[in-house]
Amino acid sequence: MKRFITILLVLMLMLTALTACGGKDDSAPVKELDLEAVYQSILDAQGDAAQDIAMLPETSPEIIESFYAGLGDIELKQEVLYMHPVTGAPTEVMLVEVANADDVQAVVDIFNARIEFGADDEFYPDNAAGWQNNAQVQTDGNYVAMIVLPDEFTIPENVFA
């Protein structure tokens, strides 16, 4: 009888240990955003002035890589780029969702390099000032934004909210 009770207690302890080791999933729900909708919300935040922002979508990997060197080496789930038709104008929105959270800082660095390049425009000092004063990089989880808008426009505090 003692042996039976001992075996029963050992089995109960093993079951309890296995249950405790299973743990629970404490991971936060993954935020899912449509980056085209995020871009539209940036425009919507400008009110009626949004019609004065001239930006065109760009999808060519070669052109994107020329402006954002190294971005092509990072696995992205989504990317949305809108640029002013005149190269160098301080009006550009680049939104990405990286596949791996470890790549967020690399994208931030690439976006900051783009801002530094625009801010170093010696031939067009007004453009350089726009890049220096009106450009931001924002992150939220695996989402990264690089936004530069003209002086009279406002960049939302958190474009991913």
Side-chain angles (χ1 to χ4, degrees), residues 22-161:
K24 59 181 180 180
D25 184 11
D26 288 334
S27 61
V30 175
K31 182 188 267 190
E32 302 247 352
L33 297 172
D34 173 8
L35 294 183
E36 286 289 344
V38 171
Y39 171 73
Q40 190 58 51
S41 72
I42 293 168
L43 292 183
D44 292 346
Q46 308 312 314
D48 291 338
Q51 62 192 4
D52 297 333
I53 299 177
M55 285 193 282
L56 302 172
E58 182 55 66
T59 58
S60 165
E62 293 81 18
I63 292 175
I64 292 171
E65 184 67 21
S66 72
F67 285 98
Y68 298 93
L71 193 61
D73 299 331
I74 297 172
E75 183 183 354
L76 303 176
K77 289 184 175 181
Q78 301 181 70
E79 70 181 343
V80 172
L81 172 58
Y82 282 84
M83 302 178 80
H84 193 279
V86 176
T87 303
T91 307
E92 194 166 304
V93 175
M94 179 60 155
L95 307 165
V96 300
E97 177 185 9
V98 297
N100 183 340
D102 293 338
D103 291 328
V104 168
Q105 187 57 52
V107 173
V108 167
D109 294 343
I110 291 167
F111 286 0
N112 282 325
R114 172 71 177 128
I115 292 170
E116 289 172 19
F117 180 80
D120 194 32
D121 190 344
E122 296 176 7
F123 295 108
Y124 298 99
D126 289 342
N127 285 353
W131 282 93
Q132 288 169 354
N133 300 324
N134 304 328
Q136 287 184 19
V137 175
Q138 296 182 14
T139 63
D140 188 351
N142 284 13
Y143 296 96
V144 187
M146 195 275 325
I147 305 163
V148 57
L149 296 174
D151 286 333
E152 60 274 9
F153 298 96
T154 303
I155 298 173
E157 201 168 303
N158 180 358
V159 297
F160 300 116

Tell me, do [X] and [Y] make a side-chain contact under 4.5 Å, heavy atoms counted?
X	Y	answer
I74	V96	no
L71	M94	yes
N112	I115	yes
Q138	I155	yes

Ignoring hydrogens and geometry, is there a side-chain-to-backbone donor-acceptor pair from D120 to E116 under 3.5 Å?
no

With a 3.5 Å distance limit and no angle check, can you tell me whether W131 reaches the backbone of R114 through a side-chain donor-acceptor pair?
no

Show the atom names and distances, to 0.1 Å, of all donor-acceptor pairs under 3.5 Å that link a side chain in residues 39-47 to residues at least two apart or in another chain.
unit_1 : atom_1 : unit_2 : atom_2 : d
Q40    : NE2    : D44    : OD1    : 3.1
S41    : OG     : V38    : O      : 2.6
Q46    : OE1    : T154   : N      : 2.9
Q46    : NE2    : I42    : O      : 3.1
Q46    : NE2    : T154   : O      : 2.5

Distance-minimising heavy-atom pair for P90 and N127
CD-OD1, 3.4 Å

Partners passing side-chain hydrogen bond (donor to acceptor under 3.5 Å, both in side chains) against D151 (at least two apart in sequence or in another chain)
N134

Report, one line per pair, each donor and acceptor closer than 3.5 Å where one atom sits in a side chain of residues 54-70; sequence neighbours left out.
unit_1 : atom_1 : unit_2 : atom_2 : d
E58    : OE2    : S60    : N      : 3.0
S60    : OG     : E62    : N      : 3.4
S60    : OG     : E62    : OE1    : 3.1
S60    : OG     : I63    : N      : 3.3
E65    : OE1    : G72    : N      : 2.7
E65    : OE2    : G70    : N      : 2.6
S66    : OG     : I63    : O      : 2.6
Y68    : OH     : E92    : OE2    : 2.4

Listed partners of E79 passing salt bridge (charged side-chain N to carboxylate O under 4.0 Å, His left out), at least two apart
none

Hits for salt bridge (charged side-chain N to carboxylate O under 4.0 Å, His left out) against D109, two or more places apart or cross-chain, chain-then-number order -> none

Nearest 0.5 Å please: distance from the [atom1] atom of [X] over to the [atom2] atom of [Y].
X	Y	atom1	atom2	value
D34	L95	CG	CG	10.0 Å
T91	F153	OG1	CZ	7.5 Å
L76	L35	CG	CG	10.0 Å

More than 12 heavy atoms of other residues, nucleotides or ligands under 6.0 Å from CD of E157: is that the case?
no

Answer yes or no: are there more than 12 heavy-atom neighbours, outside F160 itself, under 6.0 Å from its atom CZ?
yes

Under 3.5 Å, sequence neighbours excluded: what are the donor-acceptor pairs made by side chains of residues 139-150?
unit_1 : atom_1 : unit_2 : atom_2 : d
D140   : OD2    : K31    : NZ     : 2.5
N142   : ND2    : V98    : O      : 3.3
Y143   : OH     : K31    : O      : 3.0
Y143   : OH     : L33    : N      : 2.8
Y143   : OH     : E97    : OE2    : 3.4

